[in-house]
Amino acid sequence: MKLIRSAILFTVIGGACAAHSSDEKYVTCGSAVKLTHVESGGKFFLMSDERQLQSGSGQQLVTAAAISNSHNALWQVREANGTPHCDTAAPIKCGDIIRLTHLGTNNNLHTHGIKSPLSNQHEVTGFGNGSGEGDSGDDWRVMCPGGEEYWSRGKEVSFRSTATSRYLGAASNIRFSEQNCGRGCPILNHLEVFGRQQNDQHTKWKTDVGVYVYK
């Protein structure tokens, strides 16, 4: 699955995405999506950029921020690490293992056993060398509510790391402040994103706007 070219980003941010019809309600391979965190009111988006953590692994920073119109919130849905390319526009099934590749940096959403800086859970980072390739710590299983067959747009979903069995999470009361990040903190009021042991209200996400690929 080739990464979507950056030119498409301007279409998304400019609000030019077409409305989807009733048969285009699923997230598909190759789509570039924005993920909102449910527990924090759907106002915080999974976000990354070229900055690095100043502790722990020192890898690319991933947070959740209340910035809806940033291209830094776009993640492309791709096949799992080391597997054949998924079919472009194929709906993602619940239980599928995927990678989420950050379009701004071409690094993958990643987790491992290093402690996160605020809550001492597991770090979640961006990992890779800018080529879209990394390792098994980039693989996430799509976990849908009971009875769902496919990952549906706008419905709650969780992501479980196949490497650590931790869930992608955040919490509205665990955020970066001047007290824990310093004066002039560049990620002030961003939520920490972490790998959480249990699947609960803190590990629910929904897709928002994006470039959705359909046949």
Hey, does the side chain of [X] reach the backbone of [Y] with a donor-acceptor pair shorter than 3.5 angstrom?
{"X": "Thr207", "Y": "Gly154", "answer": "yes"}
{"X": "Arg160", "Y": "Ser165", "answer": "no"}
{"X": "Ser116", "Y": "Gln121", "answer": "yes"}
{"X": "Glu39", "Y": "His202", "answer": "no"}
{"X": "Tyr150", "Y": "Tyr26", "answer": "no"}
{"X": "Asp139", "Y": "Asn81", "answer": "yes"}
{"X": "His37", "Y": "Ala170", "answer": "yes"}

Worksheet item: Of all heavy-atom pairs between Pro117 and Leu53, which one has the smallest distance, and what is that distance?
Response: CG-CD2, 4.3 Å
Fill in: Positive for side-chain hydrogen bond (donor to acceptor under 3.5 Å, both in side chains) with Arg78, one of Thr101, Asp138, Thr83
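When side-chain hydrogen bond (donor to acceptor under 3.5 Å, both in side chains) is applied between Arg78 and each of Thr101, Asp138, Thr83, only Thr101 qualifies.
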Fill in: Test applied, side-chain hydrogen bond (donor to acceptor under 3.5 Å, both in side chains); reference residue, Thr63; option that passes from Glu192, Arg175, His190
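Only one of Glu192, Arg175, His190 forms a side-chain hydrogen bond (donor to acceptor under 3.5 Å, both in side chains) with Thr63, namely His190.
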Worksheet entry | Rounded distance (nearest 0.5 Å) linking atom CH2 of Trp75 with atom CG of Leu46 | 5.0 Å
Item to complete: Can you measure from CG (Asp49) to CG (Leu61) and round to the nearest 0.5 angstrom?
Response: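 These two atoms lie 6.5 Å from each other.
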Fill in: Lys204 and its side chain to side chain contact (heavy atoms under 4.5 Å, CB included) partner, picked from Val38, Thr36, Leu168
Val38
Practice prompt. Could you check Arg196 against Thr203 for side chain to side chain donor-acceptor pair (under 3.5 Å), going step by step and ending with a plain yes or no?
Written response: CA-CA 7 Å; Arg196 187 166 176 81; Thr203 61; over 6 Å; no
Worksheet item: Parallel, tilted or perpendicular for His112 and His110, by the 30°/60° rule?
Response: perpendicular
Practice prompt. Give me the ring orientation class for Trp151 and Phe159: parallel if the planes are under 30° apart, tilted from 30 to 60°, perpendicular past 60°.
Written response: perpendicular
Item to complete: Run the numbers on Val142 and Val27 for side chain to side chain contact (heavy atoms under 4.5 Å, CB included), then give the verdict.
Response: CA-CA 11 Å; Val142 180; Val27 178; over 6 Å; no
Worksheet item: Do Glu123 and Arg166 sit within salt-bridge range, that is, some charged N less than 4.0 Å from a carboxylate O?
Response: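 Judged by the 4.0 Å cut-off on N to carboxylate O distance, Glu123 and Arg166 do not form a salt bridge.
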Item to complete: Please lay out, stage by stage, how Glu24 and Tyr212 fare under the test side chain to side chain contact (heavy atoms under 4.5 Å, CB included).
Response: CA-CA 9 Å; Glu24 295 177 346; Tyr212 291 89; over 6 Å; no
Fill in: Stepwise side chain to side chain contact (heavy atoms under 4.5 Å, CB included) check, His102 with Val62
CA-CA 10 Å; His102 184 247; Val62 173; over 6 Å; no
Discussion item. With a 4.5 Å cut-off on side-chain heavy atoms, are Asp208 and Val33 touching?
Written reply: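 The answer is no, as the side chains (C-beta and beyond) never meet within the 4.5 Å cut-off.
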